[in-house]
**Q** 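My structure is below; once you've seen it, I'll send some questions.
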Amino acid sequence: MLVDSHCHAYSFGIDELESFKDILIVGVAEDYESSIRNLEISRAFPNIYPFVGAHPWNLQDIREEEVEKILEIARKSSGIGEVGLDRRYSKKTIEEQIKVFKLFCELASEENLPMNIHALDTWRECFNIVTSYDVKSVLFHWYTGPIDLLEEIASQGYYISINPAVTIQPKHRSILEKAEVDILITESDGPYLYHGMSLNPLKIRELMETIAKVKDLPLEYLERIIEGNFKKFIG
Ligand SMILES: [Zn+2]
C-alpha cells in the first residue's frame, strides 16, 4: 500500500478523504480543534492514523490550557504531531516552543507514542531533545536538514519523510540522493500549495516513481520497504 506519513487530514472534506481510502495516512494536527477532528475522522476512515499536536507556528495563539488538553487526548491517539521547533518562521516564540516540545517528548516517551516532527532550522536541536527523552519512534518531516545527521537518525531507528516537492526543491532532492531507503517514508503535507504544486495524498504514487528512479530500485520492492518503514514508525 502507498503511505502518507504527514497529512493534515482534518483540512480535507469527506469526498476528498474518500478518494484517499487506498492510502495509509498519518493525520497530523496543529492545535486542539484539529486534533479532535483527526480523532473523529479516523473513526470513519480506518486508513487514517490520528495524531494530535500543536504546530510550532501556532504557539503565539495557543495557551497552556490548550496544550494540556492536547496532552490529555494524546493517549487516545496513534501518535503526536505536528510538533517541533521552528527558528526560521517563528523565532519569536522559540522559548515557548521548546517548553511545549519537551512536554510532548516526555509524554511520547512515557506512553511510547511515535512523534511527527517539524524541525525547520532546528534539525539537530530537535534530534538532541528527542534522544534526551529517549523517544523511541520519530519521523523528521520533509527533511531538509544536515546530511551528516542522517546517519545518526538511522542509528536511532528514526525516519525522515520525502515530499513530492523533491522534484523542485534541490536541497530536498540531495537528501533523497544521500539517505538510505531504510529511513525513508513518503508524505504529502497536504493540503498545501508549494510553489504552484498542489500537495495531497494522491501525489504519493508519482512520488514513489520519482524515488524509485533516483534510487534505481524496482517500484514494487520500494513500496514494500516504505510501507514496512511506515508500519515500524507507527508501531
Ligand atoms: Zn505539516
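One-based numbering, in listed order, for ligands and for the atoms of each. This is a predicted model, so every value here is computed, not measured.
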**Q** Tell me whether Glu18 is salt-bridged to Lys21, with the criterion being a basic N under 4.0 Å from an acidic carboxylate O.
**A** yes
**Q** Do any of the N/O/S atoms of Glu82, backbone or side chain, fall under 2.8 Å from the Zn ion (ligand 1)?
**A** yes
**Q** Name of the Asp189 N, O or S atom nearest the Zn ion (ligand 1)?
**A** OD1
**Q** How large, to 10°, is the angle at the Zn ion (ligand 1) when you draw lines to NE2 on His8 and to NE2 on His6?
**A** 100°
**Q** Run the salt-bridge test on Arg37 and Glu33 with the 4.0 Å N-O cut-off and return the result as yes or no.
**A** no
**Q** Taking Arg88 first and then Asp121, would you say they form a salt bridge - that is, a charged N and a carboxylate O separated by under 4.0 Å?
**A** yes
**Q** Please determine if Lys99 and Glu95 form a salt bridge, counting it only when a charged side-chain N lies under 4.0 Å from a carboxylate O.
**A** no
